[in-house]
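Input: a single structure, listed below in structure tokens.
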Amino acid sequence: MADPEIKSYEPHHESRSAAVTESRPVRITLTVLTLAFLAVFLLLPLIVVFREAFAKGVGAYFASLSDTDTRSAIRLTLLVAAIAVPLNLVFGLSAAWAIAKFEFKGKAFLTTLIDLPFSVSPVISGLVYVLLFGAQGLLGGWLQAHGIQILFAVPGIVLATVFVTFPFVARELIPLMQEQGNGDEEAALSLGANGWQAFWYVTLPNVKWGLLYGVLLCNARAMGEFGAVSVVSGHIRGLTNTMPLHVEILYNEYNAVGAFAVASLLAGLALVTLVLKTLLEMRYGAEIAATRGH
Amino acid sequence: MEVRVVNVRKEFDRFPALHDVSLDIKSGELIALLGPSGSGKTTLLRLIAGLERPTKGAIFFGEDDASHRSIQERNVGFVFQHYALFRHMTVADNIGFGLKVRHGAARPPAQEIRRRASELLDLVQLSGLEKRYPAQLSGGQRQRVALARAMAIEPKVLLLDEPFGALDAQVRRELRRWLREIHDRTGHTTVFVTHDQEEALELADRVVVMSQGRIEQVGSADEIYDTPNSPFVYSFIGESSSLPVKVENGEVWIADRPIGLQAPHAASGEAVLYFRPHDVDLLDGCSGCIAGTLAASRRVAGTRRVELEIGGERQRVEIELPVDHPAAQKSRVAFRPRRWKLFPAA
């Protein structure tokens, strides 16, 4: 992910030395190219989403959003995010804590493992769960015997989402915590704090903005995830369809207004995330600068 | 509180950082651990604090074996090299932290904690800065807040890791005097780590000189400077010059000439002569002295440093002359060290 905000740290044209300033035509060409690219690939699709959503008027837009299946898809997406994000907040925080504050064997391996969901195709992530929990899967027989339904049900969707969104919080926190070192915690302990107090009063406040940033990205991905969830969900209308899956179904049924209405919600979520992310970076840029790695 | 370090050894991944170190610190004493980087001084400080556990040996607080007590139980005030102030807390909250995290009846009420913080801020001469954040303070002010925070828990021992290391020279000198005053007023047993000998010699009651994980010498500033007990201490503390010499029948020789120094108790054979460049007598005639050809001359503040080449092997040695001394104009200079010491050749 390239951050456009990085550019804002560059000095003005006037103060730049002539050696690194391109000639005027080159500058204009490059700027126009970039703007054209952004317009075609980012802005235009966004406009299309909203135009299609409102193609048959505001009434049709809200009518398709209040459709029972759509509402249940929205509810499911919110539920999945409400479970997956807190879980990954805890997992990510623990993993970052272990990696940044302690020396142990296999640390490099663990760090790589955390990045796995980024490097594996989401479809494969989903398939792994099918192989594990499916009827013919490793644990399928046992689960069936005990009447536990994981695949094609909410637990499976949550598991797949947790897997895919696992790296976000950890990846934000590891460099931040590594940079901060153990000094503050040692100070807290030397003043008599126990481990929990040191964590609660010192470690957590030190990483709170980085943590929030990670949670924000994690949430955006949890709500938008398609591939992995698609494999494990079974696409049961009103039961196991999340918003992205529902968009696809509606679209395949030529219900353009319905599909784009739901899509507009997801796009809105993306915009809100983007605004919050920018605000966080503007106000706490220094504190989360170490996390610009990916 | 009296602190005793008894035969302590510390290894990091089998690499020894301290070899069998013993040290007695008297109650109320101000002690400096002085040494180059890698000498183990910070490791020793962290062992006393309980931030590290010894591989072997024991650390006593009074009569109490504290070796396996946690840092919380030891009740030490530790001032970190880069202060480690909590950046999201105000100065007052930083100072009150140690009281706030106490449990049950041991925790004073919030109002009392605030009062203590203000009191300590007075002590470190920063009254009125309660509401500031660490980022809004200068380096010297942060240092003082860190000290106030460490003293808030009424520690048995105060430990400071390179307390003035990150400050500029002016502030350093000021804080040094100020730390001495605070120590005299509060009477805490205090141990601080430094690589700056001037700081150690000026500030401490006793200086512990360390090198390569061992204690080389423990003593007052006078003892350390006037009677160094090893070549390392001689060359690490203050200026020193050295020359390879030979001892025969209680007399010191350079090449084929005796230089007029008697060493009746020294064993015959190869040795190294150490002396201070400023602690020499300049001689006119030379029967029994060190004579050399002037190789270089530099003006250093109030004195003149000259480099002499001695004997056929042209050993270089430095001595100090008064600025207007005529010897600096000559091509040959003769001198004899006033105070000196022989160490066996390495």
Side-chain angles (χ1 to χ4, degrees), chain A residues 93 96-108 172-173 175-215 279-291, chain B residues 12-13 42 45-46 48-52 69-90 93-103 106-108 113 117 133-135 142 145-161 166:
Chain A
L93 200 54
W97 171 276
I99 286 173
K101 309 275 180 183
F102 299 100
E103 289 302 324
F104 53 89
K105 280 205 178 109
K107 187 161 143 172
E172 290 303 325
L173 291 185
L176 186 62
M177 283 180 153
Q178 269 172 342
E179 194 189 75
Q180 290 178 349
N182 283 335
D184 284 13
E185 283 79 13
E186 283 185 342
L189 297 182
S190 81
L191 292 166
N194 59 33
W196 174 249
Q197 288 172 320
F199 174 77
W200 190 251
Y201 292 127
V202 175
T203 311
L204 202 55
N206 274 348
V207 299
K208 64 180 173 217
W209 298 117
L211 185 65
L212 196 57
Y213 188 90
V215 164
L279 280 178
L280 271 179
E281 274 170 2
M282 264 162 49
R283 285 207 60 183
Y284 307 101
E287 283 177 49
I288 48 181
T291 66
Chain B
F12 293 107
D13 291 334
T42 297
L45 193 79
R46 290 172 64 88
I48 296 174
L51 285 167
E52 310 281 354
R69 302 242 161 150
S70 69
I71 181 163
Q72 291 99 331
E73 292 168 317
R74 289 191 200 192
N75 194 24
V76 294
F78 201 104
V79 177
F80 291 82
Q81 187 173 3
H82 300 290
Y83 322 132
L85 294 178
F86 308 131
R87 70 204 84 172
H88 57 278
M89 291 185 201
T90 62
D93 287 342
N94 261 285
I95 297 175
F97 184 82
L99 301 173
K100 191 178 98 176
V101 295
R102 286 188 184 169
H103 290 285
R107 176 169 56 196
I113 295 179
Y133 283 89
R142 283 180 212 173
V145 173
L147 186 67
R149 183 178 70 177
M151 290 198 298
I153 59 169
E154 282 152 22
K156 294 181 196 152
V157 186
L158 202 53
L159 305 169
L160 303 98
D161 187 5

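We name chains A, B, ... by the order of the sequence lines, and we start the count at 1 in each one. If you're wondering where the values come from, they're calculated on a predicted model, not measured in any experiment.
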Locate the shortest heavy-atom distance separating [X] from [Y]; write the atom from each residue and the value.
X	Y	answer
B/Met89	A/Tyr201	CE-O, 3.6 Å
A/Ser190	B/Ile153	O-CD1, 3.7 Å
B/Phe80	A/Ala187	CE1-CA, 3.3 Å

Given a strict heavy-atom distance threshold of 4.5 Å, which part of [X] is in contact with chain A: side chain, backbone, both, or neither?
X	value
B/Ala150	backbone
B/Arg149	both
B/Leu159	neither

Does some side-chain heavy atom of B/Phe86 sit less than 4.5 Å from a side-chain heavy atom of A/Asn206?
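In short, these two side chains do not touch, never coming nearer than 4.5 Å.
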Hey, are the side chains of B/His103 and A/Gln197 touching, using non-hydrogen atoms and a 4.5 Å cut-off?
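Result yes, sub-4.5 Å side-chain heavy-atom pair found.
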Measure from the side-chain N and O atoms of [X] to the backbone N and O of [Y], and report whether any donor-acceptor pair falls under 3.5 Å.
X	Y	result
B/His82	A/Gly183	no
A/Glu186	B/Leu51	no
B/Gln72	A/Leu189	no

Point-to-point distance, once rounded to the nearest 0.5 Å, from CZ of B/Arg102 to CG of A/Leu191:
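The distance works out to 10.0 Å.
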Which atoms of A/Ala198 approach chain B - backbone, side chain, both or neither, heavy atom under 4.5 Å
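Neither part; nothing is under 4.5 Å.
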